[in-house]
Amino acid sequence: MLARVTTPTMSSYFTNLHEQNDVNILCNKNVEGLSLKGNINQLHCDDDTVYEADIIIVGVGVRVNTELAKMANIEIDNGLKVNEFGATATKNIYAIGDCSNHFNPHYGRFIRLESVQNAVDQAKCVAQAICGQPVPYNTIPWFWSDQFDIKLQMVGLSEGFTDVVVRKEHTDKFSLWYFNGSQLLAVDAVNNAKDYVVATKTIKNGLVVDKTTLGDHSTAVQFL
Ligand SMILES: Cc1cc2nc3c(=O)[nH]c(=O)nc-3n(C[C@H](O)[C@H](O)[C@H](O)COP(=O)(O)OP(=O)(O)OC[C@H]3O[C@@H](n4cnc5c(N)ncnc54)[C@H](O)[C@@H]3O)c2cc1C
């Protein structure tokens with residue numbers, strides 16, 4: 001559950017939330033096919049289980065369509081590979097949004113993101129480059145998700161974290177702070193806009209958080 005974008009603690013939290021709301025979540029199931037038995041939809045899994053449903057929603061993600069780019073000899077590596085200005089290695093060809101694997105100076109590596117914020121901000125960056133006023137795309141990714149009455153806000157990318165500090169006010173209001181050593185990589189905040197805002201400023205400005213007091217939600221986040 002949410003394994004691609006968050007960590008086991010958050011996955012368990014949202015699994016429990018859905019189960020408390022009478023949703024059954026079945027993981028590690030591979031869907032092999034759909035069929036109709038009379039008027040009833042049937043969904044077939046590769047472990048020979050069959051489920052019946054009034055409505056089936058297929059949400060299986062996307063794969064970048066690179067055919068056109070390949071024909072134009074543009075470098076492909078998990079999408080169209082672009083530098084921090086959105087430019088491919090091919091003159092005058094830029095790529096933005098879901099299809100672009102961009103160099104992110106903040107994380108020092110290539111990243112492909114699927115979010116509205118990324119598509120909109122990269123568009124501005126590429127427009128500036130085309131107009132001869134290049135500014136590197138150095139954004140910190142952020143995401144949100146509303147599930148039942150719970151708001152999850154995420155800033156940064158937690159990949160490569162070495163330790164996590166939990167700031168918990170109560171079961172449905174907490175935040176997880178992901179570090180690589182002393183560097184704050186990302187924060188997932190549940191019903192906690194205040195921690196999300198502080199985390200965003202911390203990551204953007206490269207501030208160093210005092211981990212020894214961070215776990216105490218009654219104390220404001222301290223910096224070293
Ligand atoms: C169900 C769903 C829910 C989502 N929810 C969220 C959310 O809550 N928050 C969030 O931030 N993001 C969300 N996203 C992701 C977000 O929609 C995408 O990240 C965003 O739309 C990417 O913008 P884009 O311009 O890169 O690509 P797209 O919006 O996919 O636009 C690409 C366009 O190019 C067109 N195209 C493709 N090939 C060609 C061609 N050869 N010639 C001409 N046109 C072509 C396509 O038809 C399409 O119109 C969601 C996505 C899905 C599918």
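Just so you know, ligand 1 is whichever comes first in the structure, and atom 1 is the first atom listed for that ligand.
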Shared-cluster residues of L26, by chain and number - hydrophobic side chains joined below 4.5 Å
V31, L34, L43, Y51, I56, V58, V60
Which salt bridge (charged side-chain N to carboxylate O under 4.0 Å, His left out) pairs, counting each pair once, include a residue from residues 181-208, with sequence neighbours left out?
R167-D195
What pairs of residues pass the salt bridge (charged side-chain N to carboxylate O under 4.0 Å, His left out) test when at least one of them lies in residues 130-140, not counting sequence neighbours?
none
Please tell me if the side chains of H102 and L113 come closer than 4.5 Å, counting only heavy atoms from C-beta onward.
yes
Can you check ring-ring contact (aromatic ring centres under 6.0 Å, His included) on H18 and F148, steps first, answer last?
CA-CA 8 Å; H18 282 265; F148 300 102; 5.0 Å; yes
So does A69 get a backbone contact from the side chain of T66, meaning a donor-acceptor N/O pair under 3.5 Å?
no
May I have the N/O to N/O pairs between ligand 1 and the protein that fall below 3.5 Å, each with atom names and distance to one decimal?
{"residue": "ligand 1", "atom": "11 (O)", "partner": "V116", "partner atom": "N", "Å": "2.9"}
{"residue": "ligand 1", "atom": "19 (O)", "partner": "D98", "partner atom": "OD1", "Å": "2.7"}
{"residue": "ligand 1", "atom": "19 (O)", "partner": "D98", "partner atom": "OD2", "Å": "3.4"}
{"residue": "ligand 1", "atom": "19 (O)", "partner": "S115", "partner atom": "N", "Å": "3.0"}
{"residue": "ligand 1", "atom": "26 (O)", "partner": "D98", "partner atom": "N", "Å": "2.9"}

